[in-house]
Every structure is written in structure tokens, then in C-alpha cells.
Amino acid sequence: MIYLDHAATAYPRHPGVAEAMLQALEVAGSVGRGGHAGARAAGDLVGDCRGRLADLLGAVDDQRISLFPSSTLALSTLITDLLGKAEGDSHLYMGVLEHNAVWRPAVRIGGEDRVRFLPSDDDGRVMTEKLEEIDASKVLGVVLQHASNVTGILQPLEEVGAWCQQHGIPFIVDGAQAAGLVPFSVSRCPGLKAYTMAGHKHLGGPPGIGPCWMAPGYEPEPLWIGGNGIDSALPKVPESGPGRFESGTPNLPGIAGLAKALEFFEDHAVSDRFSAGHAQRQKWVEALQSIPGVEIPGEMGTAPRTPVIPLHLPGKAPEEVAAQLDARLGVRCRSGLQCAPLAHQHLGTLEAGGTLRIAPGEETGADVIDPVCRALAELAS
Ligand SMILES: Cc1ncc(COP(=O)(O)O)c(C=O)c1O
């Protein structure tokens with residue numbers, strides 16, 4: 001098996017994750033439900049996870065981090081809240097490469113007319129010099145991904161955030177493809193109101209946890225409410241803090257697994273991971289670019305990216321190429337639209353049914369590049 005689908009989910013998970021999850025199933029109690037030893041042990045696991053996330057993100061207060069069941073649910077919550085404030089001729093702005101986790105809730109709640117796109121170059125990167133052309137008084141909020149799940153490009157968060165801050169616009173970043181892989185501090189990004197993450201991608205944890213950092217004072221409406229063990233006599237959840245967004249019995253095995261996965265960062269710097277990932281990408285790109293009949297859409301400039309490479313083989317269906325690579329070499333990679341039709345529309349690969357996505361991880365040896373490229377060359381011809 002050659003696993004080239006790290007942008008979808010981590011494999012293998014960081015060391016010890018499965019064992020930590022099993023141990024959490026043995027905890028006799030639930031977070032915030034009672035003061036007995038089991039409930040306290042569960043609370044300690046949650047506290048450990050939040051504290052490690054705060055360290056990783058450069059967050060001053062770990063109580064600003066909520067553990068949603070997925071980054072999709074965190075984004076839905078934030079987008080529903082922003083669009084709930086829509087009136088008159090106001091719009092939600094987003095990047096042109098956004099994932100369906102952003103585009104779909106925005107269109108469902110606000111309708112296509114409420115959605116506008118940030119001025120972007122051919123690669124989909126926001127052209128910050130053109131932001132001033134937007135009438136900021138009509139912007140409800142900006143939602144932008146940190147790294148693309150289709151091409152690996154990074155967005156200029158600091159510049160976009162500074163513009164948002166200048167105009168009092170809430171700035172929300174989808175960090176699903178970046179958290180744990182791209183160096184970033186929530187405390188250093190101007191204007192940032194929320195940063196959403198996927199615990200099962202580059203954080204190396206299990207599925208089922210989507211941490212979200214929110215700026216002090218930023219208190220969107222929760223999408224769902226219910227029991228959380230806090231102020232139970234009241235008909236509402238707290239005005240602030242993680243309890244606002246964590247109603248319902250938390251996924252303790254998932255949280256314990258993520259906490260364990262985050263121990264990895266005690267002796268692995270995110271900056272080193274990013275440099276290694278970029279260098280790895282360059283090696284793949286060099287090899288892939290030399291194959292006749294294989295194109296890399298949107299591969300322009302030398303700015304660092306994550307190791308996510310889209311491939312287009314003119315005249316070949318991406319699904320068929322992926323199936324052939326699997327049959328011949330056991331390659332596991334994603335084909336199609338990767339839940340990002342907007343990105344493919346922008347890159348011009350929507351009509352072709354998307355791309356084949358090569359997403360190596362740090363465990364992927366350089367020795368697999370040659371066999372994969374040889375197989376691609378045969379398939380392309
Ligand atoms: C850029 C981006 N945003 C959001 C998501 C949604 O993450 P999840 O499916 O873990 O909720 C993904 C998942 O692939 C993604 O790549």
C-alpha cells in the first residue's frame with residue numbers, strides 16, 4: 001500500500017492514539033457530569049487536549065478552544081451565525097477555492113446572492129491589493145481557508161486579517177489543511193475571530209474532533225444546545241467558554257486520542273514539518289512535470305505550499321486513473337472534486353471531473369516517486 005491521501009486523513013495516526021482511545025473507554029464517568037473521580041478523570045483528558053491545542057496554536061487562553069465533533073460542524077456554526085445577522089445588501093465573502101464545508105452552509109443559509117468571492121489570482125490566492133475595491137460596509141464576514149486541499153497553496157492570512165480588522169469585519173479561517181503542518185499563531189494574526197481545525201488530518205488524531213479557537217469576546221450563537229453539566233437549571237448555555245459549543249456528551253475517546261496525538265509536537269516543530277513537506281512536494285512536482293501527458297493545474301510560482309499536488313491527464317477520467325494506480329501498485333489517493341467544486345471551477349478542471357490528488361505525508365518515502373511516476377506515464381500514454 002502506498003498511502004498518498006494525507007490531505008483526506010492522517011495515516012498512520014500519531015503514536016499511541018489507538019491505545020489512548022481504548023483507555024478512555026475505560027474511564028467510568030463523563031466530563032462535567034458529576035464530581036466523582038471518573039468524571040474528574042474525563043475532565044482531565046479534555047483539559048489536557050485543550051491545553052496542548054492552545055500551546056500549538058499560540059493561544060493565550062485554552063478556554064477559547066472548543067472541541068466540536070468536526071471542523072465541518074464548527075464552520076457551519078460560525079457561518080450560520082454570520083448569515084443570521086444578514087440584512088439589506090450585505091454579503092459573506094469567501095475565497096475562490098473554499099471547501100464545501102464553507103460553501104454549502106453559506107449557500108443553504110444565505111442563498112447564492114449573499115455569497116461573494118474575494119479577488120483572487122489564477123492560482124486562487126487572494127489579491128490583497130484589490131481588497132480596497134470591496135465596499136467593506138456591506139461585508140458580513142470573511143471566511144478563508146489557510147491551505148488549499150486541492151493545490152496546497154497558502155492564503156495571505158495576515159494581510160486579509162489586517163484589512164478585516166481595519167473595517168471591523170469578522171475574519172474566520174478554515175485551518176483544516178494547515179493545523180499541525182503550517183506554522184501559525186492565532187495570537188499573531190490580526191483581525192482573526194475564529195480558526196477551525198480537523199483533528200484527524202495533520203494533527204494526527206482520530207476523526208470525530210474539530211477543535212476551534214475563537215477570539216476573546218467573539219461569541220457566535222451555538223448551532224445546537226443541550227445538556228453540558230453547566231448551569232443546568234437555566235434554559236440556555238453559557239454566554240462564553242467552550243461549554244457554549246460542547247453540548248451533549250463529548251467524544252471522550254476521540255478527545256483522548258487527539259490529546260495523545262498532540263504529544264507528537266513536543267519534539268517535532270511545525271516549522272520543520274512544513275519545510276520538509278514543501279521539499280517533498282518539490283521532489284514530486286519535478287518528477288511529475290517530466291511525464292508527457294500529465295499536467296499540474298495551477299502550479300505557478302515558487303511560494304511554499306503543502307504537499308498536495310493536483311494532476312490532470314487530458315482525456316482520462318481521474319477516477320479511472322486512481323483505480324488503475326490502486327490496482328497496479330496499491331496507491332491510495334483521492335480523485336474527483338475533493339469536496340471543492342469552487343476550486344476546480346477556478347482551476348478549469350471542473351468539466352474534466354476534477355483531478356487526481358497526490359498528497360504524500362512525512363512517512364512517504366522518496367523511493368515511491370519513481371514507481372508511481374512510471375505507472376502514471378504508462379496510463380497517460
Ligand atoms: C479545506 C477543508 N476544510 C474543511 C474540511 C472538513 O473537514 P472535516 O471533514 O474533518 O469536517 C476539509 C476536509 O477535507 C478540508 O480539506
Side-chain angles (χ1 to χ4, degrees), residues 3-11 13 17 53 66-80 92 94-108 117-118 120 123-126 142-155 157 160 171-182 184 194-213 223-224 245 251 254-255 257-258 261 277 298 305-310 332-347 354-361:
Y3 190 69
L4 297 176
D5 207 8
H6 287 81
T9 199
Y11 182 85
R13 312 282 162 191
V17 168
L53 284 163
S66 301
L67 303 173
F68 287 76
S70 66
S71 76
T72 294
L73 274 173
L75 285 162
S76 266
T77 301
L78 297 163
I79 290 168
T80 304
L92 180 74
M94 62 178 69
V96 296
L97 305 178
E98 295 314 305
H99 191 272
N100 276 343
V102 169
W103 185 53
R104 281 184 169 169
V107 169
R108 185 173 93 159
F117 295 98
L118 295 164
S120 305
D123 250 2
R125 203 175 273 110
V126 175
V142 167
V143 188
L144 184 62
Q145 60 186 204
H146 192 168
S148 165
N149 66 314
V150 175
T151 65
I153 70 150
L154 303 182
Q155 293 290 358
L157 299 189
V160 177
F171 181 39
I172 288 164
V173 174
D174 168 5
Q177 291 289 336
L181 182 61
V182 183
F184 182 67
Y195 189 79
T196 60
M197 292 156 269
H200 65 99
K201 294 187 194 277
H202 303 294
L203 295 174
I209 305 294
C212 174
W213 172 87
L223 199 56
W224 69 95
F245 303 102
N251 169 6
I255 292 169
L258 180 56
R305 300 183 185 208
T306 62
V308 173
I309 308 157
R332 300 196 186 168
C333 67
R334 180 101 190 258
S335 56
L337 300 182
Q338 296 104 26
C339 299
L342 293 178
H344 288 285
Q345 189 167 33
H346 194 76
L347 291 172
T355 49
L356 186 80
R357 181 177 70 181
I358 302 287

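Just so it is clear, the model here is predicted, and its values are computed rather than measured. Order of appearance sets the numbers: ligands from 1, and atoms from 1 within every ligand.
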S.K.: Does G210 reach ligand 1, in the sense of a heavy atom lying below 4.0 Å from it?
M.R.: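 G210: no contact with ligand 1 (<4.0 Å).
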S.K.: Need the ligand 1 atom indices (1-based, order shown) with element for anything under 4.0 Å from a heavy-atom of A176.
M.R.: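 Selected atoms, number and element: 2 (C), 3 (N), 4 (C), 5 (C), 12 (C), 15 (C).
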S.K.: Are the side chain of R305 and the backbone of S148 linked by a donor-acceptor contact shorter than 3.5 Å?
M.R.: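 Side chain of R305 to backbone of S148, a donor-acceptor pair under 3.5 Å: no, none is there.
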S.K.: Would you mind checking which non-hydrogen protein atom is closest to atom 4 (C) of ligand 1, with the distance to 0.1 Å?
M.R.: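 Among all protein heavy atoms, the one nearest atom 4 (C) of ligand 1 is D174 OD2, 3.5 Å.
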S.K.: Measuring from atom CH2 of W213 to atom OG1 of T196, what distance do you get when rounded to the nearest 0.5 angstrom?
M.R.: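 OG1 of T196 is found 12.0 Å from CH2 of W213.
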S.K.: What's the shortest distance from atom 13 (C) of ligand 1 to any protein heavy atom, and which residue and atom give it?
M.R.: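 That would be K201 NZ, 2.9 Å.
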S.K.: Nearest protein heavy-atom contact for atom 12 (C) of ligand 1: which residue, which atom, what distance?
M.R.: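 In this structure, atom 12 (C) of ligand 1 has H99 NE2, 3.3 Å as its nearest protein heavy atom.
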S.K.: Give the residue, atom name and distance (to 0.1 Å) of the protein heavy atom nearest atom 10 (O) of ligand 1.
M.R.: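 Of every protein heavy atom, H200 NE2, 2.7 Å lies nearest to atom 10 (O) of ligand 1.
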S.K.: With atoms numbered from 1 as shown, which atoms in ligand 1 lie under 4.0 angstrom from a non-hydrogen atom of N149?
M.R.: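 Counting atoms of ligand 1 from 1, those under 4.0 Å from N149 are 16 (O).
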S.K.: To which of T72, I209, V150 does the heavy atom nearest atom 11 (O) of ligand 1 belong?
M.R.: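 That would be T72.
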S.K.: Got the closest protein heavy atom to atom 7 (O) of ligand 1, with its distance?
M.R.: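 So the nearest neighbour among protein heavy atoms is S71 OG, 2.9 Å.
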S.K.: Polar contacts were defined as any N/O atom of the residue lying under 3.5 Å from an N/O atom of the ligand; does this apply to Q145 and ligand 1?
M.R.: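 For ligand 1, there is no N or O atom that lies under 3.5 Å from one belonging to Q145.
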S.K.: Quick one: pull up CG in L258 and CG in L203 and give me the separation to the nearest 0.5 Å.
M.R.: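 Atom-to-atom, L258:CG and L203:CG are 6.0 Å apart.
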S.K.: Keeping the roles fixed (side chain from R332, backbone from Y3), state whether a donor-acceptor pair exists under 3.5 Å.
M.R.: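 No; judged by distance alone, with no hydrogens or angles, the pair does not exist.
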S.K.: Q338 side chain to G336 main-chain N or O, any donor-acceptor pair under 3.5 Å?
M.R.: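 It does hold such a pair.
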S.K.: Just verifying a value: how many Å separate I153 CD1 and R125 CZ, rounded to the nearest 0.5 Å?
M.R.: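 Here the interatomic distance stands at 4.5 Å.
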S.K.: In terms of atom number and element, which parts of ligand 1 are under 4.0 angstrom from non-hydrogen atoms of S70?
M.R.: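 Listed by number with element, the hits are 11 (O).
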S.K.: Nearest to atom 16 (O) of ligand 1, what protein heavy atom do you find, and at what distance?
M.R.: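 So the nearest neighbour among protein heavy atoms is Q177 NE2, 2.8 Å.
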S.K.: List the atom of G95, the atom of L144, and the distance in Å for their closest heavy-atom pair.
M.R.: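 Between these two residues, the closest heavy atoms are CA-CD1, 3.8 Å.
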S.K.: Under a 4.5 Å cut-off applied to non-hydrogen side-chain atoms, are Y195 and H146 in contact?
M.R.: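 In contact.
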